[in-house]
Amino acid sequence: MELSKNYLPATVEEKWYQQWMDKGYFRSKPDGRQPFTVVIPPPNVTGVLHLGHTLNETVQDILVRRARMSGFNACWVPGSDHASIATEAKVVNMLKQEKGIEKSQLTREEFLKYAFEWKDKYGDIIYHQIKKLGCSCDWDRVTFTMDDHYYKAVITVFIDLYKKGVIYRGARMINWDPKAKTALSDEEVEYKDLQGKLYHVKYAITDANGTPTGEYITIATQRPETIMGDTAICVNPEDERYAHLKGHFATVPLVNRRVPVIFDTYVDKEFGTGALKVTPAHDINDYNLGLKHNLEIVDTLNDDGTLSAAAVVFVGEDRFVARKKVVAALAEEGLLVKEQEYTTRLGYSQRNPDTVVEPRISTQWFVKMAEMAKPALDAVVNGDVKIHPGDRFLATYKYWMENVKDWCISRQLWWGQQIPAWYAPDGSFEVAATAAEAVQQFAARSITITAAELTQDQDCLDTWFSSWLWPMEVFNGISQPNNEDINYYYPTSVLVTGQDIIFFWVARMIMAGLEFKEVKPFSDVYFTGMVRDKQGRKMSKQLGNSPDLLELIHAYGADAVRFGIMISSPAGNDLLYDDSSCEQGRNFCNKIWNALKLVKMWEQRQEDDSATNAAADNFAVKWFESRLNEVQLEVASLHKDFRLSEGLKAIYSLVWDDFCSWYLEWAKPGFEQPIPASIYRKTVYFFEQLMQLLHPYMPFITEEIYQQLTTRAEDDSLMMKQFTTPQAPVHATLLEGLLAKEVISSIRDARNKHQIKPKDPIVLHIETKHDNAFKQIEGMLAKQVNAKAIHYVQEPVPGCITLVIQKDKFYLGTETALDTTAQKAALTKDLEYLKGFLVSVEKKLSNERFVQNAKAEAVDAERQKKADAEAKIAVIEESLKSL
């Protein structure tokens, strides 16, 4: 079959992915092998894969494919997350725009029917993208966090923790998303530094009898729209300015509420006016002050962020519209003293990035985190769970776990697992899986009630409350304890995820694993970096700087996209994405493809050499075999440390430079000459080994080339080919190879500079104390630099081009007249550089602090540099004398 001019990824990718699927290569079942288990961080069912997902899935596929090729029973479980807030918002918008239906017009059951229809319509988009990327997931194990078994598991866990006293219900100050109309956990609030305003407002003072004293107290507030909820004015008891106000009251502007002046050291007398308005319903610190001083709570906001009837004025207005109206009204009444610019921090909803979160007192369900956090912290600190890169994220993990707060898990939504709490008409409740079980539990308390009289809690659970069970419940570990899969695949091997969900998900999975399985959920956590554009900005739809994955694959091919995102993504570090990295990947594919075409051309030119076995004594073969072994060992070591990007760079250099640029040139037969069959077979073997090494990174082109290299059995697939243990490289051969490359490059460069045509032969004279160093490469060297003869000499050869390479001198004899002036100029330039370099090295070695404090090997390296420079200087000076 004739090979195409360039590599054409589209047909290759579709062909091989379907064949891998048809042959069941991605499937995993428990057997006698050691499992290597990875669970995909479930992307939201609402969206499409962005470049952050692309990086994440590529890293996982590299690890899974390499494990599968290393003898492990690799199991990669795909799935998606129901994403309560985001999905419900999309379904609500769809109903409004496409059907003219408001959520309030539907029952819960009707709404959920539409939600599942929406999920079925859009949910497979992500799976299609993951397949296009080449990911080797076990598609028989797809899991969704609202699957029946998963739903059951979440409810089981809730009931268990409630019975243990870990889950409780109570009124607390929580974070409220007015757009989604739901509570949020602390971790779902993202803070931004903004330029705001401080409004200085006057409050009239009255005495204990309510008589105006004619005095005013001025407070500074960022949120004048909450003034109507004030229930006290607080000052520091040590602030002499306000000592006389003990027992006095202040009048809240606009609503004329009489509130006490209270004293507390919480107030910073140096900040603002030293007086603080206390609004317990709308600020966590004010709430705590209110509890301490037994203050009234006046909630002036509705759940959608509009002013409630309790505000009295501007009822129904949006909070930010109300702010402007309150400021105007205060100014009109002469109570606004001044406005000033002020830098502040505002919390925004992670799920609705344009929505400012409101602190709000609300009755919600919470998980006590302190007790569960301790063993999860210990598991990481003692190394039972290893974080990569640990130097960057271990301290962050420790800080959060040591300062963890109770987790608000109830959400005022319908899309999600409904909280299993059943309420009697008097407000008392029982937590149970079904109404029937709740009736029995009420009966145990001597309360007679029927299921029809009970009402289930309308709230659903935080999405993270389901996803923290992910490593267990994808194997039915909660819903069907001790089944074959959970006992075989759990704990999983490695979790690959983004650093931004270290608290939302990673920490909580460790807590859940230790709580419900009494063992860690995974052994290693690999944190990928954040994908940014070349200006350093985070990829986002709002900025329009995030490319579409399928468009990238269409333009460059899946392998090139995988290469592009991996080549620039060292573990944990943010990466600056640019299309040029995908172009580099495409060029790499074409380079490999052209190498295949060259090798296939040799196939028909083989010459039987079974009697002599030319490969055994061929330097190119021996050198590349050592180089291949060296990189195979290096890549294995890098993978062990999760340095995948460095591994790809090592393979890239081996394929592009060592194999394509050097080995194939050295092994190539002369024009219309045959190639010894043993050397051809070795070349094919090397190509196969390279493709196997590269396969986890670039699966499609490597499988295609593996199959093209020779006729294969039907079940011979590269993705199932097992790695063999590399041999130790021969160090001396590697050094000879480096010398050969340097000599050939230098001589070719000299020929170009002196305009000696490639077809014109030269005579090469080598002046060296180690002529054995060149014996192995003589024939190859002569062919590569077109030397008709190589001689060893002990003194300069006049009338030649002189080169100094390492400590040896090379004289290029040619029939072309030479310009010794140019030679002198080149050698003089090299001499000046080396003398300058020698001065810098000597300066470093004369620094006592460096010599005493640096590592011994660093000092030795500098001394070796000094010796090498001195030797080269001596050789060049001698060469200049001969000219």
Side-chain angles (χ1 to χ4, degrees), residues 1-9 11-20 23 25 65-66 68-69 134 557-560 563 587-610 613-615 618 620-621 623-625 627-629 631-632 635 651-652 654-669 674-724 726:
M1 185 181 79
E2 186 177 350
L3 297 172
S4 57
K5 180 181 178 182
N6 291 319
Y7 173 62
L8 304 175
T11 53
V12 168
E13 291 168 5
E14 187 173 345
K15 173 183 69 177
W16 285 116
Y17 200 86
Q18 191 58 52
Q19 286 202 32
W20 293 331
K23 292 180 179 179
Y25 289 157
R65 284 181 180 273
R66 187 170 174 89
R68 189 182 288 117
M69 297 166 77
D559 287 322
F563 175 96
N587 293 340
F588 187 35
C589 287
N590 285 326
K591 183 77 170 180
I592 305 170
W593 192 251
N594 287 332
L596 170 67
K597 291 196 292 181
L598 177 64
V599 171
K600 292 296 285 183
M601 286 171 56
W602 300 349
E603 190 173 26
Q604 305 306 318
R605 294 163 61 184
Q606 294 181 71
E607 180 181 65
D608 182 26
D609 68 330
S610 55
N613 189 17
N618 183 276
V621 169
W623 167 74
F624 192 77
E625 190 144 43
R627 184 76 183 104
L628 176 63
N629 284 328
V631 175
Q632 286 173 326
V635 170
I651 299 170
Y652 176 74
L654 177 68
V655 174
W656 188 294
D657 297 328
D658 296 315
F659 185 70
C660 295
S661 299
W662 289 107
Y663 173 76
L664 292 181
E665 280 296 308
W666 293 352
K668 183 169 65 175
I675 183 171
S678 62
I679 293 180
Y680 177 77
R681 288 193 300 271
K682 267 293 186 181
T683 302
V684 170
Y685 167 76
F686 291 152
F687 215 151
E688 290 173 347
Q689 290 289 298
L690 291 173
M691 294 303 95
Q692 185 180 25
L693 195 58
L694 182 60
H695 179 80
Y697 292 92
M698 303 173 74
F700 294 113
I701 189 171
T702 51
E703 182 77 81
E704 177 70 11
I705 286 177
Y706 179 76
Q707 299 294 338
Q708 291 282 0
L709 279 169
T710 188
T711 304
R712 307 280 181 192
E714 187 178 342
D715 61 348
D716 185 356
S717 170
L718 182 61
M719 77 160 283
M720 301 304 288
K721 184 179 175 66
Q722 299 298 291
F723 287 115
T724 55

**Prompt:** Does any non-hydrogen side-chain atom of Pro9 lie less than 4.5 Å from one of Phe700?
**Reply:** no
**Request:** On the 0 to 90° scale, with breaks at 30° and 60°, tag the Phe686-Tyr663 ring pair as parallel, tilted or perpendicular.
**Result:** perpendicular
**Request:** Please check if atom CD in Glu603 has more than 12 non-hydrogen atoms from other residues, nucleotides or ligands closer than 6.0 Å.
**Result:** yes
**Request:** Report yes if the side chains of Met698 and Cys589 come closer than 4.5 Å at any heavy-atom pair, otherwise no.
**Result:** yes
**Request:** Quick one: sort the Phe588 and Tyr652 rings into parallel, tilted or perpendicular, breaks at 30° and 60°.
**Result:** perpendicular
**Message:** I'd like to check Arg66 versus Leu693 (side-chain heavy atoms, cut-off strictly below 4.5 Å). Are they in contact?
**Reply:** yes
**Request:** State whether Trp20 and Arg65 meet the cation-pi test: NZ (Lys) or CZ (Arg) under 6.0 Å from the six-membered ring centroid, and within 45° of the perpendicular axis.
**Result:** yes
**Complete:** Correct closest heavy-atom pair for Lys721 and Gln692 would be O-NE2, 3.1 Å
**Item:** Exercise: identify the closest heavy-atom pair between Leu664 and Cys660
**Value:** CB-O, 3.9 Å
**Request:** Assess the side chains of Gln689 and Gln632: does a donor N or O sit below 3.5 Å from an acceptor N or O?
**Result:** yes
**Message:** Please check this pair: side chain of Arg712 against backbone of Tyr706, looking for a donor-acceptor N/O pair closer than 3.5 Å.
**Reply:** yes
**Prompt:** Minimum heavy-atom separation for Trp666 to Ala620, with atom names?
**Reply:** CB-CB, 3.6 Å
**Message:** Do Leu690 and Phe624 make a side-chain contact, defined as non-hydrogen atoms from C-beta onward lying under 4.5 Å apart?
**Reply:** yes
**Request:** Locate the shortest heavy-atom distance separating Ser4 from Asn6; write the atom from each residue and the value.
**Result:** OG-O, 2.6 Å
**Prompt:** If you look at every heavy atom in Ser661 and Glu665, which pair is closest and at what distance?
**Reply:** O-CG, 3.4 Å
**Item:** Pairwise side-chain contact, Phe687 with Thr683, heavy-atom cut-off 4.5 Å (strictly under)
**Value:** no
**Complete:** The reported gap from CG in Asn594 to OH in Tyr7 (rounded to nearest 0.5 angstrom) is 13.5 Å
**Prompt:** Do Trp662 and Trp623 make the cut of ring centroids closer than 6.0 angstrom?
**Reply:** no
**Asked** Are Phe563 and Tyr697 near enough that their ring centres are under 6.0 Å apart?
**Response** no
**Asked** For Glu714, does the CD atom sit with more than 12 other heavy atoms under 6.0 Å from it, leaving out its own atoms?
**Response** no
**Fill in**
Minimal heavy-atom distance between Ile679 and Ala614, with the atoms involved, is CD1-CB, 4.1 Å
**Prompt:** Do the side-chain N and O atoms of Gln707 and Glu703 include a donor-acceptor pair separated by under 3.5 angstrom?
**Reply:** yes
